[in-house]
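Here is how names work: the chains are called A, B, and so on, in the same order as the sequence lines, proteins then strands, and each is numbered from 1.
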There are 2 protein chains.
Amino acid sequence: MRLTTKGRFAVTAMIDLAQRQANGPVTLAGISERQKISLSYLEQLFGKLRRHSIVASVRGPGGGYRLARAMNEVTVADIIAAVDEPLDATNCGGRENCQDEHRCMTHDLWTNLNKRMHEYLASVSLYDLVNQPKAKAIAASVAIDDRLRGSRRDNAVVSA
Amino acid sequence: MRLTTKGRFAVTAMIDLAQRQANGPVTLAGISERQKISLSYLEQLFGKLRRHSIVASVRGPGGGYRLARAMNEVTVADIIAAVDEPLDATNCGGRENCQDEHRCMTHDLWTNLNKRMHEYLASVSLYDLVNQPKAKAIAASVAIDDRLRGSRRDNAVVSA
DNA sequence: CTAATACCTGAATAATTTAGTCGACTATAC
DNA sequence: GTATAGTCGACTAAATTATTCAGGTATTAG
């Protein structure tokens, strides 16, 4: 699981779409203008989102894109996975010779963190983002945090 | 907050360091060989980690790197922030003209998700990663269990 | 039917980031 | 003094990200 500016564009565009689809299909031209993302880049991203059945297209005048499922059925993980395709199988993709004990151990630890990240992003839906009662959002993240043992929780900073 | 292969290299290297530092300073050459990361790339990464006071260096023969703080005082967010520097201030970095109502709203929603991501990564320390229940042993026993019971585990892909 | 709209596709390319390489230098242990 | 190992800077190759261009196709309006 990677989290890059590309995924950020996709999530931002999807939030825009989710917010506006009530009035019918949303055009990429509109998203492009509102979110300042180049139209062709959006076309590439939405091509992938469509092929992953996250959005559906309506062609012709008055057309555009709409969500293919309910808002709470679309997670941030779905969006990022659709757009980042290459799914980056870890270095030693399962069967590569992990001769060194320690090498394999580190590898396991990393993939485990990766898995947790994925679970977290899969727990946040488009619905959560758009209908964000702030208390709810915090409660959700705390619930996730509680599943971790012995971790530090004091440093805030959040300059992400 | 970005999560790229660069951050992955840094986290992997830090896990390796954390596991081995009990025997004294750990050399980059060793990490390079074990984790298959080019030495010079590690030098770049550890230069940043050192300048962020996450690791400390010991020069000369027998030297290497050690953690600058206790394992549970170093979070994944710390590591990634140190290595990914540019801290990617969101498009409209606070004071850019957010004339369109909707534009600003989407922006807020995005930064909120970003913040939660950061909080999550800040809740996972190096200690958590290194001292987690041995995935390997568990995986092995589960595999045996499956053969005995003939049960089917839907392997949930997670190929993040 | 025609024209306008908007999705769809692929290719070329610029910009940026990632990753690796090289060469010279500094501190320290022995 | 010599070998070890970090430190620094600059250069380069490869990959990814983002944009632009140049065509298409499906659908609606008139």
Interatomic distance, A/I54 atom CD1 to A/M14 atom CE [nearest 0.5 angstrom]: 6.0 Å
Least distance between heavy atoms, B/I80 atom then B/R2 atom: CG2-O, 3.2 Å
Residue A/K6, side-chain heavy atoms: nucleotide from D/dC8, C/dT17, D/dT17 that is nearest: D/dT17
Detail all sub-3.5 Å separations between protein N/O atoms and N/O atoms belonging to nucleotides 2-5 of chain C.
residue, atom, partner, partner atom, Å
C/dT5, O2, A/P61, N, 3.4

Length of the OH-P vector between A/Y65 and D/dA26, whole Å: 15 Å
Shortest non-hydrogen separation from A/K48 to A/A82 and the atoms involved: CB-O, 3.6 Å
Under 3.5 Å: donor-acceptor pair, side chain of A/Q21, backbone of A/L67: yes
Integer-rounded Å distance: C/dT18 C1' and B/I37 CD1: 13 Å
B/K48 NZ - D/dG9 P separation (whole Å): 13 Å
Residue pairs involving residues 55-71 of chain A (criterion salt bridge (Lys or Arg N to Asp or Glu O under 4.0 Å); sequence neighbours excluded): A/R69-A/D78
Contacting residues from residues 38-46 of chain A, given that a heavy atom lies under 4.0 angstrom of DNA chain D: A/S38, A/S40, A/Y41, A/Q44
Sugar-phosphate only, base, or nothing, as touched by B/G47 at under 4.0 Å among non-hydrogen atoms: nothing
Considering all heavy atoms, the nearest B/M71-B/A18 contact: CE-O, 3.7 Å
N or O in side chain of B/R50 less than 4.0 angstrom from D/dG6 OP1/OP2: no
A/T5, nearest nucleotide to its side chain (from D/dT7, D/dA18, C/dA19): D/dA18
Any A/S57 side-chain N or O less than 4.0 Å from OP1/OP2 of C/dA6: no
Integer-rounded Å distance: D/dG6 P and B/R66 CZ: 13 Å
Stepwise side chain to side chain contact (heavy atoms under 4.5 Å, CB included) check, B/Q19 with A/L109: CA-CA 11 Å; B/Q19 284 180 328; A/L109 296 177; 3.5 Å; yes
Side-chain donor or acceptor of B/S57 paired with backbone N/O of B/Y65 under 3.5 Å: no
Plane angle bin for A/F9 and A/Y41 - parallel if under 30°, tilted between 30 and 60°, otherwise perpendicular: perpendicular
B/L28 side-chain proximity, nearest of D/dG6, C/dA19, D/dT17: D/dG6
Length of the line joining A/L3:CG and C/dT18:P, which is rounded to integer Å: 13 Å
Nucleotide D/dT16, atom P - distance to CZ of B/R2 in whole Å: 14 Å
